[in-house]
There are 2 protein chains.
Amino acid sequence: MSSPTPASPNPAAPPQPGADAHAAAGRRPGGRTARVRAQVLAAVRDQLVEHGFDELTVDAVAARAGVHRTTVYRRWRDVGGLLADVLDAAGGDDWRPADTGSLEGDLAALNDEVYAALTGDPPITTALIAASFRSEEAARALTRFWEDRYDRCEIVVRRAVRRGEIPAATAARSLLIASTAPLYHQLVLFRVPPDPGLAGQAAHAAALAATAGAFAGNPASGPT
Amino acid sequence: MSSPTPASPNPAAPPQPGADAHAAAGRRPGGRTARVRAQVLAAVRDQLVEHGFDELTVDAVAARAGVHRTTVYRRWRDVGGLLADVLDAAGGDDWRPADTGSLEGDLAALNDEVYAALTGDPPITTALIAASFRSEEAARALTRFWEDRYDRCEIVVRRAVRRGEIPAATAARSLLIASTAPLYHQLVLFRVPPDPGLAGQAAHAAALAATAGAFAGNPASGPT
DNA sequence: TCACTAATGCGACAACTGTTGCGTTAAGAT
DNA sequence: ATCTTAACGCAACAGTTGTCGCATTAGTGA
């Protein structure tokens, strides 16, 4: 997760996001509906920033947005639905991985961003992960978000191949996961105290392993 | 996580596990208290197996255990406390990593166990991870459990060093995390559809990286 | 301008969650 | 055998969560 801050909240709000929040553009995407959605999503972010995930209840969001409880329940179902919508709005940015000139440098830069996202205050990213364990909808939104982010990261591997650092048949996704997973593992699951040194290690090891051909396979989509 | 099934539920039950479930051995560890604890913990496991984490409520556990709601609330506080106690009871087993004769084999065997735990039905392990995001107490218990497991796994690295497979100054913990984290990452956070092939990959890459000296550092406790 | 209707507001409601005070039971000690 | 008291059972309670039917508002199109 790199920049979950949504710069431009999508003004179109489907009335029934239960199935898919993006399928139909809504039968009435006009003024009030869009305004309510903007107010509610802003309220979610503000509430999250000011009081954390524990106090992110539907009631609190509705009150802060100046909207009735039932409206929020009907359109977003629960807190997970709210966060899923926030997350989808955040996925529409133009983020790209940094280009440092070397594979290890690129991976380290990625991990630095992951580190910042996971240890940042307010802990928005951690809150989203936590929410994904409470709501299937939030889980799907998070999966979509990460899928998109890792897709964008594959250029890091392609650049390294072009520079001759690693074999052409390197499984990009596997390499990227091997590089970032240890950081998530320690910060999210182990909850080790934050230490900026964590970020560089895995990047180094992954780059070395890639050089040694540990991720040989289909260059586009490795063995899952 | 490898074998969360508690073979022998600790009969000693501290009355106030709020602060630390193991500090004082309780002033009255006798028959009834221990019996209630055993009933409740068994009810937690049964409820989890039969109805999953979503229906694991304090009320359901109390009813199934034949115990009053208030008793559960007072001794375990919430569902997280219940799972933390279950988890602590599970950590007292005699699990050891398999010895296959090679580093990559040992790591692959580890990942096979992780895979089985994360994809097993009922999803006890996943439920515990989910609970750790709702309850600080469950989170601490999970950290303790994993810390203990990874400690026991370090012998895998020491054996590899003894066989001359990897440098003596290999950071055992870093290697182990690099080996297992990708699997957790994909199954727990990404929620990719289960695929037994996932388990072997990371083990292979980690073993290769270790051989190349990617985890050079303090052999006992690597750079965090 | 006017009718249509999707979306929202409103209040009531049941279900669930967690707490408190007090009486009862039974483990541990003398 | 008897006493002490930690732990439990019980009932009542307030607060929260989520749902429902119906009234009202405000985009949308004629």
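Below, read A as the first sequence line, B as the second, and so on, with proteins coming before strands; counting in each chain starts at 1.
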Taking only residues two or more places apart in sequence or in another chain, which ones pass salt bridge (Lys or Arg N to Asp or Glu O under 4.0 Å) with A/Asp99?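 For A/Asp99, the residues satisfying salt bridge (Lys or Arg N to Asp or Glu O under 4.0 Å) (neighbours in sequence not counted) are A/Arg159.
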List the residues meeting salt bridge (Lys or Arg N to Asp or Glu O under 4.0 Å) with A/Asp46, not counting sequence neighbours, and say none if there are none. none
Nearest-Å distance for atom pair [atom1]/[atom2], residues [X] and [N]:
| X | N | atom1 | atom2 | answer |
| --- | --- | --- | --- | --- |
| B/Gln39 | D/dA7 | CD | C1' | 14 Å |
| A/Arg35 | C/dA6 | CZ | C1' | 15 Å |
| B/Glu55 | C/dT17 | CD | C1' | 16 Å |
| A/Arg134 | D/dG18 | CZ | P | 10 Å |

When only distance counts, do a donor and an acceptor, one from the side chain of B/Arg74 and one from the base of C/dG18, lie under 3.5 Å apart? no
Go through the N and O atoms of the side chain of A/Arg77 and the base of D/dG18, and report whether any donor-acceptor pair is under 3.5 Å. no
Would you say a side-chain N or O of [X] is under 4.0 Å from OP1 or OP2 of [N]?
| X | N | answer |
| --- | --- | --- |
| A/Tyr73 | D/dT19 | no |
| B/Thr33 | D/dA7 | no |
| A/Arg75 | C/dA7 | no |

Any residue meeting side-chain contact (heavy atoms from CB on, under 4.5 Å) with [X], in chain and number order, not counting sequence neighbours:
| X | result |
| --- | --- |
| B/Ala138 | B/Ala131, B/Ser135 |
| B/Phe133 | A/Ile129, A/Ala130, A/Phe133, A/Val188, A/Arg191, B/Ile129 |
| B/Arg134 | A/Arg134, B/Phe53 |
| B/Gln39 | B/Arg35, B/Ala65, B/Val67 |

Check step by step if salt bridge (charged side-chain N to carboxylate O under 4.0 Å, His left out) holds for A/Asp85 and A/Arg37. CA-CA 10 Å; A/Asp85 204 1; A/Arg37 180 170 121 118; 2.6 Å; yes
Residues touching DNA chain D, which here means a heavy atom under 4.0 Å, drawn from residues 56-70 of chain A: A/Thr57, A/Arg69, A/Thr70
Estimate the overall bend of the helix from C/dT1-D/dA30 to C/dT30-D/dA1 from the end axes over five pairs each, rounded to 10 degrees. 30°
Check the surroundings of atom CZ in B/Arg96: do more than 12 heavy atoms from other residues, nucleotides or ligands lie under 6.0 Å from it? no
With salt bridge (Lys or Arg N to Asp or Glu O under 4.0 Å) as the rule and sequence neighbours excluded, what pairs involving residues 51-61 of chain B come up?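 Sorted result for residues 51-61 of chain B: B/Asp59-B/Arg69.
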